[in-house]
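Written out below as structure tokens is the structure these notes cover.
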Amino acid sequence: MSAPVPSAARLEETPAGRIGMWMFLATDAMGFAGLLVAYGVLRVHADDWPDAHERLEVMWAAVMTAALVTSSFTMTLAARAARDGRDPTGWLGATLALGGAFLAIQGLEYHHLLTGPRVMGLSTDTFSGTFYAITGYHGLHVLAGLALVAWLFVAGRSRARAVEVVAIFWHFVDLAWIPIFSLLYLLPVT
Amino acid sequence: MSSSAQPRERTGRLVGALMALLALTALEVAVVGLPVDRAARITALVGLGMTKALLLLVAFMRLGREPRALRFTALAPLFLAPGFAVALLLEAAFRAVTQR
């Protein structure tokens with residue numbers, strides 16, 4: 001006989017902030033979906049599409065992915081510490097550092113693309129336009145998440161419920177990066 | 001199980017999820033360079049990406065512990081968006097074929 005599965009919380013007992021965050025993320029996910037679907041349709045319609053590997057540094061993108069995934073882990077531990085009544089600031093600081101590293105690498109990537117030997121501007125071609133639109137939109141989400149984590153870092157342990165709600169948003173930022181990494185950086189042309 | 005052992009076990013599960021996510025990311029990068037058919041690489045990438053998303057939702061976002069209504073709210077876009085994408089891409093491919 002299998003072990004009993006812990007039952008899910010009742011909606012009536014769920015804090016309003018948590019419900020609000022999930023509702024917001026459902027709509028925000030459709031925003032990301034719209035951009036990614038547009039990318040897919042443009043790519044299928046295009047007569048010629050550049051190989052991402054010739055323009056983008058896939059290894060650096062993998063490092064960015066690793067930083068974001070690890071920041072999700074530290075944010076989970078911050079939320080658990082806050083739930084247990086312990087001080088989450090250490091884990092929040094680690095999340096801030098990893099999220100900051102993600103944005104710093106993205107900034108370096110943009111700098112390299114805009115000023116490097118093979119300039120890829122916003123209007124160079126359809127690939128570059130969609131690349132900057134999607135990664136920029138995601139980068140703004142990371143920035144918003146970092147601002148929220150920084151606020152919690154300053155507020156400390158008195159904001160236990162807020163840590164859990166911000167953690168959901170932070171995980172979503174990580175979740176949204178998964179298809180971006182696959183579609184923009186990895187999907188082979190040939 | 002003692003109360004002190006439970007958090008350690010949960011930490012172990014979280015570390016396991018993190019390691020799995022990092023390993024799946026490394027696999028994604030490795031798959032792109034494999035000398036196999038493009039369709040096979042794309043299928044592998046989609047599978048790895050979906051596994052990562054599911055792992056993140058279950059292990060870190062703890063979606064299973066949310067009320068059913070919230071679970072549906074969160075999962076609806078995840079299923080609708082790929083559905084729309086497939087429909088639009090099929091439509092685009094159909095147009096490209098019929099225009100030739």
Side-chain angles (χ1 to χ4, degrees), chain A residues 5-14 18-19 22-23 25-34 36-38 40-45 52-53 58-59 61-62 65-66 69-70 72-77 79-80 84 167-168 170-172 174-175 178-179 181-183 185-190, chain B residues 7 10-11 14-15 17-22 24-26 28-29 31-34 38 41-42 45-46 48-53 55-57 59-78 80-93 95-96:
Chain A
V5 178
S7 59
R10 288 163 56 89
L11 190 61
E12 297 80 8
E13 297 162 358
T14 308
R18 206 174 172 85
I19 297 173
W22 278 111
M23 300 293 277
L25 293 183
T27 54
D28 205 24
M30 294 307 279
F32 274 104
L36 292 172
V37 169
V41 171
L42 286 169
R43 184 170 171 156
V44 168
H45 275 292
H53 298 85
V58 175
M59 286 317 292
T65 307
V69 164
T70 311
S72 255
F73 171 73
T74 55
M75 195 65 202
T76 304
L77 293 178
R80 196 180 72 175
D84 295 348
I168 297 173
W170 190 258
H171 296 316
F172 171 75
D174 188 5
L175 189 69
I178 291 172
F181 179 58
S182 297
L183 274 178
Y185 289 89
L186 298 178
L187 204 66
V189 173
T190 54
Chain B
R10 283 191 290 163
T11 305
L14 290 175
V15 171
L18 172 67
M19 291 301 149
L21 284 166
L22 293 174
L24 288 168
T25 303
E28 282 181 316
V29 176
V31 157
V32 177
L34 286 178
R38 179 173 175 258
R41 279 179 288 159
I42 290 175
L45 279 177
V46 170
L48 289 168
M50 287 179 76
T51 309
K52 279 170 71 179
L55 199 56
L56 192 78
L57 278 166
F60 291 163
M61 292 181 96
R62 306 197 315 156
L63 193 63
R65 295 189 193 180
E66 297 289 355
R68 186 175 292 180
L70 284 187
R71 266 184 279 165
F72 281 127
T73 305
L75 288 175
L78 291 179
L80 282 175
F84 289 143
V86 168
L88 283 168
L89 292 175
L90 284 175
E91 190 262 357
R95 273 203 220 177

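This is a predicted model, so every value here is computed, not measured. Chain naming here is simple, since letters A, B, ... match the order of the sequence lines and numbering starts at 1 in each.
Here the closest heavy-atom approach between residue A:L186 and residue A:H53 is recorded as O-CE1, 3.8 Å. Scanning both residues, B:V29 and A:A62, for their nearest heavy atoms gives CG2-CB, 3.9 Å.
Comparing A:I19, A:T27, A:L25 by how many heavy-atom pairs each has under 4.5 Å with chain B, the most go to A:I19. When each of B:L21, B:I42, B:L45, B:L56 is scored by its heavy-atom pairs under 4.5 Å with chain A, the top score falls to B:L56.
Residues A:F172 and B:M61 form a side-chain contact, since some pair of their non-hydrogen atoms from C-beta on lies under 4.5 Å apart.
In this structure, the side chain to side chain contact (heavy atoms under 4.5 Å, CB included) partners of A:L183, at least two apart in sequence or on a different chain, are A:L36, A:Y39, A:L187. For the side chain to side chain contact (heavy atoms under 4.5 Å, CB included) test, residues two or more places apart in sequence or in another chain that qualify with A:A26 are B:T73, B:P77.
Within the 4.5 angstrom heavy-atom criterion, atoms from both the backbone and the side chain of B:V15 approach chain A. A:T14 touches chain B through its side chain: at least one heavy atom from C-beta onward sits under 4.5 Å away, while N, CA, C and O do not. A:F181 touches chain B through its side chain: at least one heavy atom from C-beta onward sits under 4.5 Å away, while N, CA, C and O do not. Only the side chain of B:A69 comes within contact range of chain A, judged by heavy atoms closer than 4.5 Å. With a 4.5 angstrom heavy-atom cutoff, A:T65 touches chain B only via side-chain atoms. For A:M59, the part sitting under 4.5 Å from any heavy atom of chain B is the side chain, from C-beta outward, and nothing else.
A distance of 11.0 Å separates CG of B:L57 from CE of B:M50, quoted to the nearest 0.5 Å.
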